[in-house]
Amino acid sequence: MSSDQQTLRLLCLTAATRDERLRLVSVLKQTPGTHKAALLIGHLLRACIPGSSTAASGDTLFVVYRCPPLDTATGSDDGGAGAGAGAEVQVDVASIAADRIAAVASVGLVDPVELNPGGVCNLVLCSPDSADTRDVLHVILDGVRRRIDLSSVAEGSTSPMSLPSNGEPKRRFHLKMGDSWVDANTGETFVLDTIMDSDIPTIMSHMTVPYNRAYLDYITKTAPFGRLNCVIRSYPAGTDPVTASQSPSTLGEPVSWGLRHYELSLGLLATKDSHRGRGLAARAVEVLTDLARSFLADEFGDADIVPSIAFIKYDNHASRSVMQSCGYTLSETGEYKWVGVGVRSIPPRN
């Protein structure tokens with residue numbers, strides 16, 4: 001049973017509509033430390049984007065909410081008369097007051113490129129310090145156990161970095177896709193471009209997380225990700241980049257890049273050793289941030305509907321410095337742990 005004699009109920013949405021997903025996004029945006037909900041918000045939004053992969057819409061959403069006890073005078077409550085604690089009910093998610101929602105989870109997404117072949121669970125506690133947190137977790141886990149067998153995964157330790165609440169990045173370069181500039185020291189020309197098939201092997205050779213080729217193809221070709229990524233190409237001194245870019249054999253060398261993951265977080269940021277220390281990664285982050293914010297404003301009318309966030313490996317001080325130079329701040333002072341469990345190995349609630 002929950003605090004203040006309230007009862008926990010579980011709403012299960014196996015085919016959530018766009019309106020239901022956007023309703024949950026609005027609730028998650030009110031969560032203390034919104035960056036903690038960023039990945040789930042991004043996942044919910046992905047299924048709302050026309051032309052995007054249908055994988056996100058094949059998940060199951062769980063909503064745990066608090067109900068007053070049964071009204072003995074009327075014989076009803078506001079979320080399923082007679083249902084016991086933790087019981088699944090079917091109500092309109094729009095009818096549940098935001099301050100009653102205790103947790104939201106997206107469960108069972110089987111990534112189309114087998115990034116997580118056993119499925120994943122993305123869980124956000126809307127009031128993490130409440131007295132009934134343990135009960136809330138058990139209600140969701142009980143619901144998950146009845147439907148899905150999640151495999152164990154572990155990604156290690158990262159530091160989440162996000163833009164401040166107003167979402168505005170720190171603009172130092174004021175660049176956009178297609179812009180170019182000449183390095184005063186080397187004479188080479190740099191061009192901001194979209195990522196091509198020929199760039200993928202280079203990107204993969206610089207990854208610190210072993211994503212497979214299918215995943216890289218997915219986040220560079222599938223809508224809307226293809227237009228949310230960028231690469232900086234280098235053309236030798238004296239080369240006309242406009243002419244050279246017309247032929248694959250003379251296309252500029254990819255020297256710095258960044259991509260958007262399937263839940264819209266920024267990642268895979270890298271610069272070749274030969275071109276470090278020249279502000280290329282910072283330029284890429286600035287452009288990537290603007291691309292995502294413009295897309296979200298156009299698609300949802302709110303550039304800040306999902307926090308702009310990146311997860312940096314805990315000891316990657318260079319990337320952390322780049323993000324900070326673009327206006328991002330550490331969202332957690334300690335290590336943010338990516339962990340996984342086999343949900344069927346969790347003992348049922350007593």
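Because the structure is predicted, anything quoted here is derived from the model rather than measured. Only heavy atoms go into these numbers, but all of them, side chains included; no hydrogens, no water, no symmetry mates.
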Check: Ser95/Asp92 side-chain N/O donor and acceptor closer than 3.5 Å: no
Atom pair CD1 (Ile203) and OG (Ser198), whose distance is rounded to the nearest 0.5 Å: 9.5 Å
Heavy-atom check, side chain of His43 versus side chain of Arg46, under 4.5 Å: yes
Reported CZ-to-OG distance for the pair Phe311 and Ser319, which is rounded to 0.5 angstrom: 14.5 Å
Heavy-atom donor-acceptor pair, Glu263 side chain to Ser265 backbone, under 3.5 Å: yes
Closest non-hydrogen atom pair, Val191 against Gly178: CG1-O, 4.4 Å
Step-by-step side-chain contact (heavy atoms from CB on, under 4.5 Å) determination, Met204 to Leu216: CA-CA 8 Å; Met204 293 187 70; Leu216 268 293; 4.1 Å; yes
CA sep, side-chain torsions, deciding dist, call: Arg278, Thr186, side-chain contact (heavy atoms from CB on, under 4.5 Å): CA-CA 11 Å; Arg278 296 157 75 173; Thr186 65; 3.4 Å; yes
Val25 vs Ile305, side-chain contact (heavy atoms from CB on, under 4.5 Å): CA-CA, chis, key distance, verdict: CA-CA 8 Å; Val25 167; Ile305 192 170; 3.7 Å; yes
Same apolar cluster (I L V M F W Y, side chains within < 4.5 Å links), Met177/Val182: no
Any Arg66 side-chain heavy atom under 4.5 Å of Thr7 side chain: no
Flag, side chain of Asp199 to backbone of Met196, donor-acceptor distance under 3.5 Å: yes
Spacing of Glu20 atom CD and Leu13 atom CG [to the nearest 0.5 Å]: 5.0 Å
ILVMFWY cluster, Ile195 and Leu251 together (side-chain gap under 4.5 Å): no
Tabulate below the donor-acceptor pairs under 3.5 Å that side-chain atoms of residues 237-246 make, not counting sequence neighbours, or state none.
from, atom 1, to, atom 2, distance (Å)
Thr239, OG1, Pro236, O, 3.1
Asp240, OD1, Val242, N, 3.2
Asp240, OD2, Thr243, OG1, 2.8
Ser245, OG, Pro241, O, 3.0
Ser245, OG, Val242, O, 2.9
Gln246, NE2, Val242, O, 3.0

Parallel, tilted or perpendicular: ring planes of Tyr215 versus His261, cut at 30 and 60 degrees: parallel
Polar side chain donor-acceptor pair, Glu188 to His275, under 3.5 angstrom: yes
Stepwise side-chain contact (heavy atoms from CB on, under 4.5 Å) test for Leu28 and Ser26: CA-CA 6 Å; Leu28 291 170; Ser26 69; over 6 Å; no
Leu259 side chain near Phe225 side chain, heavy-atom distance below 4.5 Å: no
Charged tip of Arg9 within 45° of Tyr65 ring normal and under 6.0 Å: no
Side-chain donor or acceptor of Glu253 paired with backbone N/O of Tyr235 under 3.5 Å: no
Pair Arg172, Ser325: side-chain N/O donor-acceptor within cut-off below 3.5 Å: yes
Nearest heavy-atom neighbours spanning Trp181 and Leu175: CZ3-CD1, 3.9 Å
Side-chain donor or acceptor of Lys29 paired with backbone N/O of Ala37 under 3.5 Å: no
Approximate separation, where rounding is to 0.5 Å, of Asp217 CG and Thr222 OG1: 8.5 Å
Close side-chain approach of Leu228 and Leu288, heavy atoms under 4.5 Å: no
Student check: side-chain heavy atoms of Leu22 and Cys48 closer than 4.5 Å: yes
Taking every non-hydrogen atom, the tightest pair across Ala303 and Arg293: CB-O, 3.5 Å
Any side-chain heavy-atom pair of Ser234 and Lys272 under 4.5 Å: no
Atom pair CG/CG of Leu40 and Leu44 - distance to nearest 0.5 Å: 4.5 Å
Ring-face cation of Arg233 near Trp257 (centre distance under 6.0 Å, axis angle within 45°): no
Sidechain-backbone polar pair: Arg23 side chain, Ile96 backbone, donor-acceptor under 3.5 Å: yes
Full working for salt bridge (Lys or Arg N to Asp or Glu O under 4.0 Å) between Asp197 and Lys221: CA-CA 9 Å; Asp197 276 353; Lys221 299 177 182 177; 3.0 Å; yes
Student check: side-chain heavy atoms of Ile101 and Val63 closer than 4.5 Å: yes
Partners meeting side-chain hydrogen bond (donor to acceptor under 3.5 Å, both in side chains) with Thr220 (sequence neighbours left out): none
Tyr328 side chain to Ser308 side chain, donor-acceptor N/O pair below 3.5 angstrom: yes
Ion pair Asp179/Lys176, N-O distance below 4.0 Å: yes
Nearest heavy atoms of Leu192 and Cys230, plus distance in Å: CD2-SG, 4.2 Å
Heavy-atom closest pair, residues Val322 and Leu269: CG1-CD2, 4.3 Å
Closest approach of Ile219 to Tyr262 (non-hydrogen atoms, all atoms of both residues): CG2-N, 4.1 Å
Interatomic distance, Leu61 atom CG to Leu11 atom CG [nearest 0.5 angstrom]: 9.0 Å
Min side-chain heavy-atom separation Thr133-Leu125 under 4.5 Å: yes
Flag, side chain of Ser205 to backbone of Thr202, donor-acceptor distance under 3.5 Å: yes
Side-chain donor or acceptor of Arg320 paired with backbone N/O of Thr329 under 3.5 Å: no
Donor-acceptor contact below 3.5 Å, side chain Asp132 vs main chain Asp135: no
